[in-house]
Amino acid sequence: MPELPEVETICRGLNQATLDREMLGGDVLLNSTIARSISATDFLTQLKGKSIARWYRRGKYLLAELSQFPEGERERGTGGQGESGRVGEFLAQTPISSQTPSFCPSLLPSKAGWLGVHLRMTGQLLWVNRSEPLQKHARVRLFFEGNQELRFVDQRTFGQMWYVPAETEVSSTVTGLKLLGPEPFSEEFTTEYLARKLHRRARPIKTALLDQSLIAGLGNIYADETLFLSGVMPTTLCADLTAEQIGRIHTAIIQVLQKAIASGGTTFSNFLNVQGVNGNYGGVAWVYNRAGQPCRTCSATIERIKLAGRSTHFCPICQT
DNA sequence: CCTCAAACCTGCCAGC
DNA sequence: TGCTGGCAGGTTTGAG
């Protein structure tokens with residue numbers, strides 16, 4: 001399932017493949033994918049003739065700043081960088097770990113509007129040749145010059161796309177953005193911030209880590225991995241955490257996300273990058289989805305419980 | 001204000 | 001074999 005590292009990986013791939021190409025049209029195969037504020041027809045009408053200036057990530061949201069495609073450059077960009085093979089080579093040459101995360105602290109209104117995407121659980125964004133056979137769960141197709149296509153595939157139909165009109169606050173259309181807490185890699189996300197947000201709270205720390213208004217981007221997998229690396233039991237109430245534990249959690253969040261981004265996503269899930277290639281998370285999960293198996297550190301049996309409706313995995317010895 | 005559970009949806013898998 | 005129920009998970013919504 002796409003969490004911050006997977007969305008970041010997709011964002012970087014999109015920035016290398018999709019920019020500065022005119023959108024010629026598209027096809028909405030499932031109307032409910034387009035967020036309610038606009039019809040599928042209007043959505044496509046608004047995008048036509050525009051191009052993507054740059055992709056940003058905020059939490060698990062993908063946001064493309066649009067620009068009006070310049071008339072004079074219409075003959076440019078045939079062949080070359082847009083073909084899947086070439087882009088794949090380019091990606092391979094660029095060490096992804098050396099890139100700066102592409103989150104955008106403030107999403108200002110744009111002259112040509114924005115395109116927003118949330119993959120939810122099963123969404124995939126693929127950069128393909130337009131002739132690529134249609135997947136069973138293809139939901140939205142956006143056609144670009146050079147016979148290329150940005151295709152949104154989503155088995156469980158929870159994923160969403162938004163069109164944010166020109167000169168409009170992004171968060172007024174993509175309303176979920178308003179509720180997002182700080183990015184884990186931002187200066188705002190400090191141990192002191194975390195301590196303040198957890199102070200006197202009654203809920204378990206695992207639940208708090210999944211709360212996007214506290215910190216943006218963690219999902220079920222990395223929340224469990226974070227707590228293992230911190231040595232903290234997921235059931236521990238926030239109010240009961242020591243300052244030292246909070247410090248370890250803060251460090252572990254950044255560490256686990258950095259490592260996953262550096263390896264281009266995770267193999268925990270059916271995650272595909274924009275080229276349709278499976279991620280290759282270097283390490284294996286410490287605890288996630290390992291119930292009944294021995295802890296990689298102490299060999300105790302990994303346990304699984306339910307917390308706030310989410311499966312939660314931990315080592316009863318290493319985590320206290 | 002705070003916390004939690006249900007709902008959204010489809011495919012897969014265990015159990016009968 | 002074929003059915004049923006549980007489960008997977010990000011976010012929103014509404015109940016307590």
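Naming: A, B, ... by sequence-line order, numbering from 1 per chain. Atoms considered below: every heavy atom in the structure, side chains included; atoms not considered: hydrogens, waters and symmetry mates.
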Between [options], which nucleotide gets closest to the side-chain atoms of [X]?
X      : options               : result
A/L179 : C/dA8, C/dT12, C/dG10 : C/dT12
A/H118 : C/dT11, C/dT12, C/dA8 : C/dT11
A/Y61  : C/dG10, C/dA8, C/dT12 : C/dT12
A/T157 : C/dT12, C/dA8, B/dC9  : B/dC9

Without decimals, in angstroms, what is the distance between [X] [atom1] and [N] [atom2]?
X      : N      : atom1 : atom2 : value
A/Q155 : B/dC8  : CD    : P     : 18 Å
A/W162 : C/dG10 : CH2   : C1'   : 11 Å
A/D154 : C/dG10 : CG    : P     : 13 Å
A/R310 : B/dA7  : CZ    : P     : 14 Å
A/H313 : C/dA8  : NE2   : C1'   : 10 Å
A/L119 : C/dT11 : CG    : C1'   : 13 Å
A/L210 : C/dT11 : CG    : P     : 10 Å
A/M121 : C/dC7  : CE    : C1'   : 11 Å

Any side-chain N or O of [X] under 4.0 Å from OP1/OP2 of [N]?
X      : N      : answer
A/R120 : B/dA7  : no
A/K197 : B/dC2  : no
A/Q212 : C/dG10 : no
A/H137 : B/dG11 : yes
A/K136 : B/dG11 : yes

Original post:
More than 12 heavy atoms of other residues, nucleotides or ligands under 6.0 Å from NZ of A/K50: is that the case?
Top reply: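 It does: A/K50 NZ has more than 12 such atoms within range.
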
**OP:** Provide the distance between the two P atoms, one in B/dG11 and one in C/dT11, to the nearest whole Å.
**Re:** 22 Å

**OP:** Could you work out the separation of C/dC7 and B/dA5 based on their C1' atoms and round it to a whole Å?
**Re:**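 Their C1' atoms lie roughly 16 Å apart.
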
Original post:
Would A/F158 count as stacked on C/dT11 if the rule is ring centres under 5.5 Å and plane angle under 30°?
Top reply: no

Output yes when a side-chain donor or acceptor of [X] lies under 3.5 Å from a complementary backbone atom of [Y], and no otherwise.
X      : Y      : answer
A/R21  : A/E145 : yes
A/D27  : A/R141 : no
A/T45  : A/T41  : yes
A/N129 : A/E132 : no

Subject >> Atom of A/S39, atom of A/D42 and distance for their closest heavy-atom approach >> reply: OG-N, 3.1 Å

Original post:
Linking I/L/V/M/F/W/Y whenever their side-chain heavy atoms sit closer than 4.5 Å, directly or via other members, would A/L179 and A/L214 fall into one cluster?
Top reply: no

**OP:** Would you please say whether a donor-acceptor pair under 3.5 Å links the side chains of A/Y61 and A/Q212?
**Re:** no

Using a cutoff of under 3.5 Å, can you pull out all pairs of nitrogen or oxygen atoms linking the protein to nucleotides 3-5 of chain B, with atom names and distances?
unit_1 : atom_1 : unit_2 : atom_2 : d
B/dT3  : OP1    : A/A202 : N      : 2.9

